Amino acid sequence: HLVHIGSRAIGGAGLVMCEMTDVSPEARITPGCTGLWSAAHADAWRRIVDFVHANSRAKIGVQIAHAGRKGATCLLWEGDHEPLPTGAGWPLVAPSALPFRSYSQVPREMTRADMDQITADFARATDYAVAAGFDLLELHLAHGYLLSTFISPLTNLRSDEYGGPLESRLRFPLEVLRAVRARWPAERPMTVRISAHDWAPGGLTPDDAVEVARALKREGIDAIDVSSGQTVAEARPRYGRLYQTPFAERVRLEVGIATMAVGNISSYSDVNSIIAAGRADLALLARAHLFDPYWTRHAAAEQEWELDWPPPYRSVRRYRPRFK
C-alpha cells in the first residue's frame, strides 16, 4: 500500500483516495481488505500518509465502510463476490435477511444493539483516521455495502422505523454519519459516496439521489461522491463514456453542493470538460490510475502544463517521449 498509494501521489494526483477501508474485522469484504479498527492500523496508515505529505503536493483521503451482506467473500482476483469456503468466513449482518446472490451467505437482520455497535465501530475508525493524519474522510453509502442497503428499497424490507419511505431508510445511515462527523475535525473536509441509481426495477432512481443529497447537505457534508449501481446482483447499468457524470451534475445543480464525478472518466479532455462545464467539482479516476500511476503527470505534459516534481525526479521535468 505504501508503494501503491505513494506512486499515485508522486504521479501527480491532487487527491489520492484510499480503497474502501473497513471499521471492524466483520466489516470486511474479503480477508485481504484494509482496516482501521486498531492503533496498529493507524500507525501503518500514518507511514503512508506521511510519505504522501513529505514527497508530493497531494492530499490523501480514506473511505470508511462496512461490507454488510457483501462480506466474507474471496479476493477479487480469486472470484468476484464468491463466498469464502465453509468455515473461512464470518457472520454477516444487513438491514434485512437477503443474500446478495442466491448462493451467498444469508445475513442476519440487524437489531438495535447491532446498530449501536456498528455506529461505535465507525466512530472508532474515525478517531484512528484522525490519528493517521488523513486530510479527508469519506463515508461509504454506496455499492450495496451495509449503509447503502439501508437506503435502497430493494434491500431494506424492514417494517420498523428504519424501513419504509426514503426518510426512514436514511435514518440509520444518518445516525452513523453524525457519529463520524462529531469525531472528524471540522477544519478537514468530509465527503459521502452514494449510489445515485440502482439500475434495477423498483430501486433507487436519480430523483431519489437528489433527496439523499439534500439530507446529506443538511448534515454539513462538504461534497458528495456520486457513483451508482452494485446494490443488487441483477442490476443492469448502462455503461458508457462518463455514464455517471450526469448524476453528479444533477446533484450539484439541484442541491447546491460540491460533487465528485466518477465512472469511465479516462482522458484529460474528459476531466477538463467536466470541470470547465461545471458538471462536477472533482473528477475521480480509478482504473485509469491503476493502468497508469503517472496519469496526471502525463496529461500535464501533453498539455504543456508544468507540474512541480519531487527533487529526485526533477531531471525529467522537460522529458518528452519520442516515438519516431
Side-chain angles (χ1 to χ4, degrees), residues 13 15-22 29 33 61-70 76 80-81 100 136-156 166 169-170 173 176-177 189-200 203-217 221-255 257-266 270-271 274-275 279-290:
L15 169 68
V16 181
M17 286 293 292
C18 298
E19 66 196 74
M20 174 175 156
T21 302
D22 301 305
I29 311 169
C33 288
V62 64
Q63 187 184 80
I64 59 173
H66 189 298
R69 70 177 190 160
K70 294 177 84 172
L76 176 65
D80 192 15
H81 298 305
F100 179 66
L136 176 148
L137 183 141
E138 180 162 282
L139 182 63
H140 205 317
L141 302 189
H143 295 173
Y145 300 125
L146 181 67
L147 300 180
S148 169
T149 52
F150 269 89
I151 301 172
S152 174
L154 297 176
T155 49
N156 182 346
L166 179 59
R169 300 196 308 270
L170 269 171
V176 173
L177 187 155
M190 180 176 167
T191 63
V192 172
R193 169 165 274 202
I194 66 170
S195 283
H197 200 320
D198 280 342
W199 299 106
L204 287 174
T205 67
D207 289 342
D208 296 318
V210 170
E211 296 309 312
V212 171
R214 286 190 173 123
L216 297 174
K217 182 181 179 181
I221 292 304
D222 296 290
I224 298 178
D225 178 355
V226 187
S227 187
S228 73
Q230 303 182 51
T231 306
V232 292
E234 61 269 24
R236 294 294 179 267
R238 290 194 290 272
Y239 294 112
R241 179 170 171 259
L242 312 183
Y243 76 106
Q244 294 180 147
T245 299
F247 305 144
E249 180 179 26
R250 182 174 175 187
V251 168
R252 185 178 191 269
L253 294 177
E254 294 190 22
V255 181
I257 191 170
T259 59
M260 305 154 79
V262 64
N264 238 350
I265 302 170
S266 59
D270 288 339
V271 173
I274 289 169
I275 302 303
R279 305 189 73 188
D281 298 273
L282 289 174
L284 309 183
L285 290 81
R287 287 177 177 83
H289 264 138
L290 293 178

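If you're wondering where the values come from, they're calculated on a predicted model, not measured in any experiment.
In this structure, Asp270 CG and Asn264 CG are separated by 8.5 Å, a value rounded to the nearest 0.5 Å. Considering CG of Asn156 and CD1 of Ile151, their distance stands at 9.5 Å, rounded to 0.5 Å.
For Arg250, the salt bridge (charged side-chain N to carboxylate O under 4.0 Å, His left out) test picks out Asp207, Glu254, with sequence neighbours left out. Applying the side chain to side chain contact (heavy atoms under 4.5 Å, CB included) rule to Ser227 yields the partners His143, Arg193, Gln244, Val262; only residues at least two apart in sequence or on another chain are considered.
Under the 3.5 Å distance criterion, the side-chain polar atoms of Thr149 are matched with a main-chain donor or acceptor of Leu146. In this structure, the side chain of Thr205 does not engage the main chain of Gly203 through any donor-acceptor pair within 3.5 Å.
When all heavy atoms of Ile224 and Ala213 are compared, the pair lying nearest together is CD1-CB, 3.4 Å. Residues Ile257 and Asp222 approach most closely at CG1-O, 4.1 Å, considering heavy atoms. Scanning both residues, Ala200 and Ala235, for their nearest heavy atoms gives CB-CA, 4.3 Å. Of all heavy-atom pairs spanning Pro173 and Arg169, the tightest one is CD-O, 3.5 Å. Of all heavy-atom pairs between Val226 and Ala196, the closest is CG1-CB, 3.8 Å.
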Just do the side-chain contact (heavy atoms from CB on, under 4.5 Å) check on Thr191 and Gln63 with the steps written out, would you? CA-CA 9 Å; Thr191 63; Gln63 187 184 80; over 6 Å; no

So Leu242 and Ile265, side-chain contact (heavy atoms from CB on, under 4.5 Å) or not? Walk me through it. CA-CA 6 Å; Leu242 312 183; Ile265 302 170; 3.6 Å; yes

Pair Leu170, Glu211 - check side-chain contact (heavy atoms from CB on, under 4.5 Å), show working. CA-CA 10 Å; Leu170 269 171; Glu211 296 309 312; over 6 Å; no

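A salt bridge between Glu249 and Arg252 is absent, with no side-chain N of the basic residue lying under 4.0 Å from a carboxylate O of the acidic one.
Note on ring orientation: taking the six-membered ring where Trp is involved, the planes of Tyr239 and Tyr243 are perpendicular (angle over 60°, cut-offs 30° and 60°). By the 30° and 60° cut-offs, the orientation of the rings of Tyr145 relative to His140 is perpendicular.
Looking only at side-chain heavy atoms (C-beta outward), Leu204 and Ile194 stay at 4.5 Å or farther from each other. Residues Ile221 and Leu139 form no side-chain contact, since every pair of their non-hydrogen atoms from C-beta on lies 4.5 Å or further apart.
If you check the side chains of Asp198 and Thr231, you find a donor sitting under 3.5 Å from an acceptor.
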